[in-house]
Protein chains: 2
Amino acid sequence: MSAGKKLAECMNKDEILRLYGMLRVIADVNRLRILCLLFKGEKCVCDIEEQLEISQPLASHHLAVLREAGLVEVRREGTWCYYSLVKAAIEELNDMFMQILGVHRLPAGYPAREKCGKTT
Amino acid sequence: MSAGKKLAECMNKDEILRLYGMLRVIADVNRLRILCLLFKGEKCVCDIEEQLEISQPLASHHLAVLREAGLVEVRREGTWCYYSLVKAAIEELNDMFMQILGVHRLPAGYPAREKCGKTT
DNA sequence: GATTTATATAAATATTATTTTATATAAATT
DNA sequence: AATTTATATAAAATAATATTTATATAAATC
């Protein structure tokens, strides 16, 4: 970039990187299906496998990704592991998403015609 | 899957696949940054390159992905191409996201304790 | 304590997406 | 018409991710 040019505020911002981190986690069919399933209540891994029609290690793997992202949590009861959504994390995801991609951010009369600075 | 077992409503649903299609498009740092930048108004490709500090073909490529997804549109003026957000598409994205991942979908007292069907 | 059941983890493989490099197009300017 | 400027596209190279296969752990039951 040429010297002196300032990057727009929204660029490189933490917020974008944080939203990106979350989107990367949820932008997967199986993980999206798991999240959707868990909205209805906690589920053990074997139920998740069955509902999604995926193998056990695959279910476990995706659950691990969701867990590491803080979106779900586990409760162990005997041999079973029950997974459920972490409400605070879903809330935060909602907020981040809307703060960056909410329609409310579009000014009235969008888009106004602009001219590239290079035009003579 | 064993015969007779019914898949939960939310599984395989069109809605999930449609949200997935959109998430795949926006789950990329550069595309997210482009969208963020366009919220402020239409921008020509050269401005986008500069702000994101990426090469011209890379900017063009990501813009093509966003365009194919219907999230942005182009207006040509001379040699310049001005990109802007498609309001209706952003609106739809907002709606889809909230319909599937909105916190409001979590029932009060979530998560209730469940038992796996296999428990004796 | 040996076996079974539910789940996790690691390694190997396959798939998909991103970035780079090279080239093409299209409008404007000389 | 030749050249320059802004943008697009295609091919090649890289990188990231998902899936499968194999194995480990941990609790429960026989």
Side-chain angles (χ1 to χ4, degrees), chain A residues 2 16-17 20-35 37-38 42-69 71-84 114-120, chain B residues 2 16-17 20-35 37-38 42-69 71-84 114-120:
Chain A
S2 64
I16 289 199
L17 289 176
Y20 168 57
M22 276 301 170
L23 289 180
R24 234 169 33 161
V25 169
I26 67 174
D28 174 279
V29 170
N30 286 323
R31 290 197 288 268
L32 213 48
R33 282 188 175 135
I34 290 174
L35 290 176
L37 185 59
L38 295 186
E42 62 174 28
K43 298 280 179 231
C44 62
V45 180
C46 58
D47 278 353
I48 295 170
E49 292 170 43
E50 247 182 26
Q51 295 286 326
L52 300 216
E53 300 181 274
I54 61 181
S55 70
Q56 180 273 311
L58 187 53
S60 267
H61 167 255
H62 285 304
L63 286 166
V65 173
L66 291 169
R67 191 158 20 91
E68 276 153 32
L71 285 168
V72 305
E73 61 189 359
V74 211
R75 177 177 72 81
R76 180 147 214 164
E77 193 177 326
T79 352
W80 284 273
C81 286
Y82 292 94
Y83 280 82
S84 60
E114 304 280 346
K115 284 269 182 208
C116 174
K118 290 179 189 162
T119 49
T120 47
Chain B
S2 63
I16 289 198
L17 289 177
Y20 168 58
M22 277 301 169
L23 290 179
R24 235 169 31 159
V25 169
I26 67 174
D28 173 279
V29 169
N30 287 322
R31 291 198 286 269
L32 214 47
R33 281 186 177 137
I34 290 173
L35 291 176
L37 185 58
L38 295 185
E42 61 174 28
K43 299 280 177 230
C44 63
V45 179
C46 57
D47 279 353
I48 294 170
E49 292 170 41
E50 247 183 25
Q51 293 286 327
L52 300 216
E53 301 181 277
I54 60 180
S55 70
Q56 180 274 311
L58 187 53
S60 268
H61 168 253
H62 285 304
L63 285 166
V65 173
L66 290 168
R67 189 157 24 88
E68 277 154 33
L71 285 168
V72 305
E73 59 189 359
V74 210
R75 177 177 72 83
R76 180 148 213 164
E77 195 177 326
T79 351
W80 284 273
C81 286
Y82 293 94
Y83 280 83
S84 60
E114 303 279 347
K115 284 269 180 206
C116 173
K118 291 180 188 161
T119 48
T120 48

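Sequence lines set the chain letters: A, B, ... in the order given, protein chains first and strands last, and positions in each chain run from 1.
Looking at A/Glu42, its side chain does come within 3.5 Å of a backbone N or O of B/Glu114 through a donor-acceptor pair.
Between B/Val25 and B/Arg31 the shortest heavy-atom distance is O-NE, 2.6 Å.
Put simply, the side chain of B/Trp80 reaches to within 4.5 Å of the side chain of A/Lys118, judged on heavy atoms. Taking 4.5 Å as the limit, some side-chain heavy atom of B/Ile26 sits within range of a side-chain heavy atom of B/Leu71. The shortest distance between side-chain heavy atoms of B/Arg33 and B/Gln51 does not fall below 4.5 Å.
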For this session: Go along nucleotides 4-18 of chain C 5' to 3' and tag each nucleotide: B for a protein heavy atom under 4.0 Å from its base, S when only backbone or sugar atoms are that close, - otherwise.
Result: -BSBBB-------SS

